[in-house]
Amino acid sequence: MLTIAFVGAGSVEFTRQLLRDVLSFPELADVTISLHDVDAERLDVAAALTRLAGAAHVRTSLSRREALEGAGVVVNMVAIGGHAATLTDFDVPESFGLRQTIGDTLGIGGIFRGLRTFPFLDGLAADVLAVCPDAWLLNYTNPMAMNIQYLATVAPRLKVAGLCHSVHWTIHDLSALVGVPHDEVDFLSAGVNHQAWILRWQHGGRDLYPALDAAIEADPGLTRRTRVDLYRRFGFYPTETSEHSSEYVPWYLRHQSEVERLRLPVRDYATISAENVATYEKTRAALAAGDPPPPLSDDAVEYAPQVIHSLVTGQRRTIQVNVANHGLISNLPQGAAVEVPATLDRLGVHPHHVGALPRQLAALNRNFLNVVDLTVAAAVEGDPRHVRHAALCDPATAAALTVTQIDDLVAAMTAAHGDLLPATLRGA
């Protein structure tokens, strides 16, 4: 039976959610769960939760390569630097007057989250290719587009798919807004992770965009959402939250009036990260006391269990995946990480050809991907100048700071993250 390796298993809440969904399939009841983390205490907590979840076969290791032995699927959910590095990603830019909401995908926070994750990805790729080269690597770690493009560049033989639930929840919530059952809706979404677009959205063959227009007209409060603002200006609805979406364009966070109009929660992810730490501590304390851990959310939906079930049973499904662009979206750069539909079956993950995006959407995505490409190039080429180039090309950063301030911010972030960054970039 299949062995599933969880790398970064100390992200215990996410590990629990994935395990609950994996073990809900009768065909997966006998899988082996192999847990790895570099934090021994968190690994012990993850192992206890895995056994409580009813996993029949559980093994743990502080050695990543040992944990990967025999794996058919590897799930990556690491957060290099943890909560402390997340706070750095917010505190240092804030001292320069730069606002961020989430900071894990693009912008200064995303650039440096990517740079400190790439050395880990080097090691993970080498270990997978050495001990389980046929395994599927399912990546949840952000910044998704940077990580997928980096892996495609340095380890093109890896079978990699990046997974994110943003499209699912966008369709779910939009369908509820217009009063149609989510499971009866047909849709097509494509673009880049956290900035993909709902290109088609139908119920029984009926276009649902006019119903969305009517809902917005009936509720002026909806116009105080960044996503609705982008939809009304660009013609297609974006697939990530307003908090995320505000960071990938130059028009919103720079202006206090826009922050207020769109109710943007500056530093939101710093709070979420602290809450994640608190949840872990409550879970650890409950297990130590012999009490049940805090309950999981009933509405969490993740793609990895569906991928795993299809690999084992051959059941065909369609989900959204992040993969390198090899002819999938014709007006986005080749080799860039794109988010497209994919079919799942026993043979693996099969991305769909989408063709050309509407040109205004492709233009926004290319701005996004310029930052991704320069960040990846900085690490691959060992060229610290590209870190500055990425920051200078980032839409929200360029809107808020002068070129000299951007140079100084990059230097300050490089010093603050120190040894977490690739050695060749520590003089950036």
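Note: Ser330 OG to His353 NE2 = 6.0 Å, rounded to the nearest 0.5 Å. Between atom CD1 of residue Ile102 and atom CZ of residue Arg267 there is a gap of 12.0 Å, rounded to the nearest 0.5 Å. Here CG of Leu87 is found 6.5 Å from OG of Ser273. Values are rounded to the nearest 0.5 Å. To the nearest 0.5 Å, atom NE2 of residue His36 and atom CG of residue Asp127 are 8.5 Å apart. A distance of 13.0 Å separates NE2 of His389 from CG of Asn370, quoted to the nearest 0.5 Å.
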(request) Assess whether side-chain contact (heavy atoms from CB on, under 4.5 Å) is satisfied between Leu68 and Leu124, documenting all intermediate values. (result) CA-CA 9 Å; Leu68 293 173; Leu124 177 62; 4.2 Å; yes
(message) Set out, in order, the CA-CA distance, both residues' side-chain angles and the distance that settles side-chain contact (heavy atoms from CB on, under 4.5 Å) for Thr170 and Arg227, then state yes or no.
(response) CA-CA 10 Å; Thr170 296; Arg227 286 207 281 183; 2.9 Å; yes
(request) Start with the C-alpha distance between Val31 and Phe25, add both sets of side-chain angles, then the distance that settles side-chain contact (heavy atoms from CB on, under 4.5 Å), and finish with yes or no. (result) CA-CA 11 Å; Val31 296; Phe25 293 111; over 6 Å; no
(message) Go through it in stages, so that I can follow the logic: the residues are Leu106 and Val372, the test is side-chain contact (heavy atoms from CB on, under 4.5 Å), and I'd like the CA-CA distance, side-chain angles, deciding distance and then a yes or no.
(response) CA-CA 8 Å; Leu106 217 62; Val372 171; 4.2 Å; yes
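Using a 3.5 Å distance cut-off with no hydrogens or angles, the side chains of Asn147 and Tyr140 do not pair a donor with an acceptor. A donor and an acceptor atom, one from each side chain of Arg261 and Thr223, are nowhere located under 3.5 Å apart. In summary, the side chains of His350 and Thr343 do not present any donor paired with an acceptor at a separation below 3.5 Å, with no hydrogens or angles considered. No hydrogens or angles considered: nothing links the side chains of Thr283 and Arg16 as a donor-acceptor pair under 3.5 Å.
Between Phe112 and Thr375 there is no side-chain heavy-atom pair separated by less than 4.5 Å. Proximity of His194 to Met144: side-chain heavy atoms (C-beta onward) are nowhere separated by under 4.5 Å. Annotation: side chain of Pro305 is in contact with side chain of Leu18 (closest heavy-atom distance under 4.5 Å). Residues Asp89 and Arg116 form a side-chain contact, since some pair of their non-hydrogen atoms from C-beta on lies under 4.5 Å apart. For the pair Met77/Thr15, a side-chain contact is recorded, criterion being any heavy-atom separation below 4.5 Å from C-beta on. Between Leu253 and Glu258 the shortest side-chain heavy-atom distance does not fall below 4.5 Å. Taking the side chain as every heavy atom from C-beta outward, Ile308 and Trp136 never approach each other to under 4.5 Å. Side-chain contact between Tyr269 and Glu243: absent, with no pair of heavy atoms (C-beta onward) separated by less than 4.5 Å.
Judged as a ring pair (Phe, Tyr, Trp, His ring centres under 6.0 Å), not a single pair has a partner in residues 87-106 (not counting sequence neighbours).
Counting all heavy atoms, side chain and backbone alike, Ala391 lies closest to Ile108 at CB-CD1, 3.7 Å. When all heavy atoms are compared, the tightest approach of Glu240 to Ser166 is OE2-CB, 3.1 Å. Between Ser11 and Asp37 the shortest heavy-atom distance is N-OD2, 4.4 Å. Across Gly110 and Pro143, no two heavy atoms sit closer than the pair O-CG, 3.6 Å. Taking every heavy atom of both residues into account, His386 and Ala377 meet most closely at CD2-CB, 3.9 Å. In terms of heavy-atom proximity, Pro93 sits nearest to Thr88 at CD-O, 3.6 Å.
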Residues 174-189, side-chain donor-acceptor partners within the protein, below 3.5 Å, at least two apart:
{"unit_1": "Ser175", "atom_1": "OG", "unit_2": "Ile171", "atom_2": "O", "d": "2.7"}
{"unit_1": "Glu184", "atom_1": "OE1", "unit_2": "His203", "atom_2": "NE2", "d": "2.8"}
{"unit_1": "Ser189", "atom_1": "OG", "unit_2": "Trp197", "atom_2": "O", "d": "3.2"}

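At least one donor-acceptor pair closer than 3.5 Å links the side chain of Arg346 to the backbone N or O of Val312. The closest donor-acceptor contact from the side chain of Arg263 to the backbone of Arg224 lies under 3.5 Å. Side chain of Arg113 to main chain of Thr105: no donor-acceptor pair is present (N/O by atom type, distance under 3.5 Å, no hydrogens or angles). Using modelled atom types, no side-chain atom of Thr397 and backbone atom of Cys393 make a donor-acceptor pair closer than 3.5 Å. Between the side chain of Gln320 and the backbone N or O of Glu339 there is no donor-acceptor pair closer than 3.5 Å. Within the 3.5 Å criterion, the main-chain N or O of Ala53 finds no donor-acceptor partner in the side chain of Arg20. Although no hydrogens or angles enter the test, the distance criterion places no donor-acceptor pair under 3.5 Å between the side chain of Asn331 and the main chain of Ala356. The main-chain N or O of Val131 is never found under 3.5 Å from a side-chain atom of Glu69 such that the two would form a donor-acceptor pair. No donor-acceptor distance shorter than 3.5 angstrom exists from the side chain of Asp394 to the backbone of Ala390, with no hydrogens or angles considered. With hydrogens and angles disregarded, no donor-acceptor distance shorter than 3.5 Å links the side chain of Arg254 to the backbone of Ala398.
Between Tyr248 and His244, the ring planes are tilted. Angles from 30° to 60° get that label. In this structure, Tyr209 and Trp201 have perpendicular ring planes: the angle between them is above 60°, well past the 30° mark.
Evaluation of the side-chain contact (heavy atoms from CB on, under 4.5 Å) rule for Pro351 yields Val323, Leu328, Val340 as partners, not counting sequence neighbours.
Within 6.0 Å of atom CZ in Arg225, 12 or fewer heavy atoms from other residues, nucleotides or ligands are found, so the atom counts as exposed in its surroundings. No more than 12 heavy atoms of other residues, nucleotides or ligands shown are found within 6.0 angstrom of CZ on Arg232. Counting heavy atoms of neighbouring residues, nucleotides and ligands inside a 6.0 Å radius, atom CD of Gln256 exceeds 12 of them.
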